Amino acid sequence: MPLYHLVIIALIQGITEFLPVSSSGHLILLPGLTGLTDQGPVIDVAAHVGTLLAVIVYFWSDVRHILQGVPQVLRGQFDTPSARLLIAMSLATLPVMVLGLILKLTGLSDALRSITVIGWSMLVFGILLYWMDQRAQTTRQLQDLTLRDAWILGLWQALALIPGTSRSGITITGALNAGFTRKEAARIAMLMSIPTIIASGALTSLDLIGGTVPLRDTSIVVALSFAAALLALSLMMRLLNSLTYTPYVVYRIGLGLTLLTIGYSGGLGS
């Protein structure tokens with residue numbers, strides 16, 4: 001695969017994975033907008049590995065806190081802060097794993113990959129994010145997360161299987177609705193992304209069995225998507241100290257309306 005193609009994929013995945021603008025939606029649009037060939041599952045997995053490493057590095061103190069819960073849970077200690085957070089993150093991942101597997105086995109995931117679906121998802125879920133951001137009473141912190149919260153947020157996250165929804169965006173929307181502060185909503189969404197990305201990568205990796213893995217291409221994509229994701233994540237978390245989610249909503253609405261215009265006019269294989 002040409003180097004410029006790898007760079008484009010890595011940057012799109014890295015920059016958009018943790019911003020509430022849908023990385024999968026942008027990657028699906030890439031071939032139609034540029035004429036480039038689909039990157040395939042190998043590069044998809046590599047890009048997700050890069051973003052996974054970025055979120056682990058950025059939130060390492062939280063990740064370490066969660067990992068401390070593993071031996072505690074194995075010993076039957078379920079009431080410690082680390083154990084409760086570990087269980088909560090695991091519970092929040094179940095809906096997207098189950099629904100994702102169903103969509104993959106039935107082939108419905110491919111049926112949803114259309115420009116009009118992405119356009120409507122960008123528009124509708126962008127407006128929903130704005131509404132929740134403006135009306136929510138946001139005072140709760142990560143330590144206030146309950147198992148009920150985790151399950152409900154997991155259901156919100158499962159909506160991200162619709163291309164254009166944005167996994168981080170819809171989870172942030174759900175967390176805002178549950179009363180978490182803007183920054184804590186993003187923090188929860190990022191932590192929930194870790195098991196979700198691992199599960200998604202494992203599912204996608206099933207397509208690689210028996211195939212070859214181009215070491216050069218995957219190494220480039222992992223490194224660039226890691227760097228781009230770490231930069232985008234750092235910038236977003238810093239901006240949330242003083243800004244709302246409105247700039248992302250404006251972008252989503254603008255892109256959504258553009259895609260719907262193109263889609264309903266018969267462009268880009270709607």
Side-chain angles (χ1 to χ4, degrees), residues 8-36 38-39 44 47-48 51 95-96 99-100 103 108-136 153 155-177 182 185-186 189-190 192-193 196-197 200 225 228-229 232-233 235-236 239-240 243-270:
I8 291 172
I9 292 169
L11 292 180
I12 290 177
Q13 173 68 25
I15 292 171
T16 61
E17 174 66 30
F18 301 119
L19 301 182
V21 296
S22 179
S23 60
S24 62
H26 283 76
L27 287 176
I28 291 171
L29 290 172
L30 181 63
L33 292 173
T34 63
L36 296 171
D38 187 270
Q39 63 273 11
D44 275 345
H48 280 85
T51 53
V96 73
L99 186 56
L103 290 178
L108 290 175
S109 56
D110 292 330
L112 292 172
R113 295 167 67 93
S114 76
I115 189 172
T116 50
V117 169
I118 296 172
W120 279 115
S121 297
M122 284 281 182
L123 184 61
V124 172
F125 291 115
I127 293 172
L128 183 60
L129 173 59
Y130 177 80
W131 186 58
M132 290 296 186
D133 192 25
Q134 296 301 309
R135 65 173 287 276
L153 289 177
L155 295 175
W156 279 92
Q157 182 176 239
L159 291 172
L161 292 169
I162 304 171
T165 300
S166 170
R167 193 211 58 80
S168 62
I170 199 64
T171 309
I172 289 170
T173 301
L176 290 172
N177 185 56
R182 290 188 178 100
M190 299 313 132
M192 284 176 58
S193 76
T196 303
I197 292 174
S200 174
S225 61
L233 187 53
L235 182 60
M236 185 183 77
L239 290 175
L240 286 177
L243 295 178
T244 67
Y245 288 103
T246 300
Y248 305 108
V249 172
V250 171
Y251 174 81
R252 288 184 64 107
I253 291 174
L255 180 58
L257 291 173
T258 301
L259 295 178
L260 288 175
T261 300
I262 295 173
Y264 285 115
S265 65
L268 296 180
S270 58

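Treat the numbers as computed from the prediction; the structure is a model and nothing was measured.
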Find out whether [X] and [Y] are in side-chain contact, i.e. whether some heavy atom of one side chain is under 4.5 Å from a heavy atom of the other.
| X | Y | result |
| --- | --- | --- |
| P20 | L129 | yes |
| I12 | I8 | yes |
| L259 | W120 | no |
| Q157 | P95 | no |
| E17 | H26 | no |

- Query: In terms of heavy-atom contacts, does OH of Y130 have more than 12 from other residues, nucleotides or ligands at under 6.0 Å?
  - Reply: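 Open.
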Heavy-atom pair of closest approach, residues [X] and [Y]:
| X | Y | result |
| --- | --- | --- |
| Y248 | M236 | OH-CG, 3.3 Å |
| A228 | A10 | CB-O, 4.4 Å |
| L176 | D133 | CD1-CA, 3.9 Å |
| S225 | A47 | OG-O, 3.3 Å |
| I162 | T165 | O-OG1, 2.8 Å |
| L257 | T261 | O-OG1, 2.8 Å |

Backbone of [Y] reached by a side-chain donor or acceptor of [X] within 3.5 Å:
| X | Y | value |
| --- | --- | --- |
| R135 | N177 | no |
| R182 | L243 | no |
| S121 | P163 | yes |
| T51 | G14 | no |
| R252 | G164 | yes |

Roughly how far, to the nearest 0.5 Å, is the [atom2] atom of [Y] from the [atom1] atom of [X]?
| X | Y | atom1 | atom2 | result |
| --- | --- | --- | --- | --- |
| M132 | I172 | CE | CD1 | 13.5 Å |
| L128 | T173 | CG | OG1 | 5.0 Å |
| I118 | I262 | CD1 | CD1 | 11.0 Å |
| L233 | I15 | CG | CD1 | 12.5 Å |
| L235 | L240 | CG | CG | 9.5 Å |
| T244 | L239 | OG1 | CG | 10.5 Å |

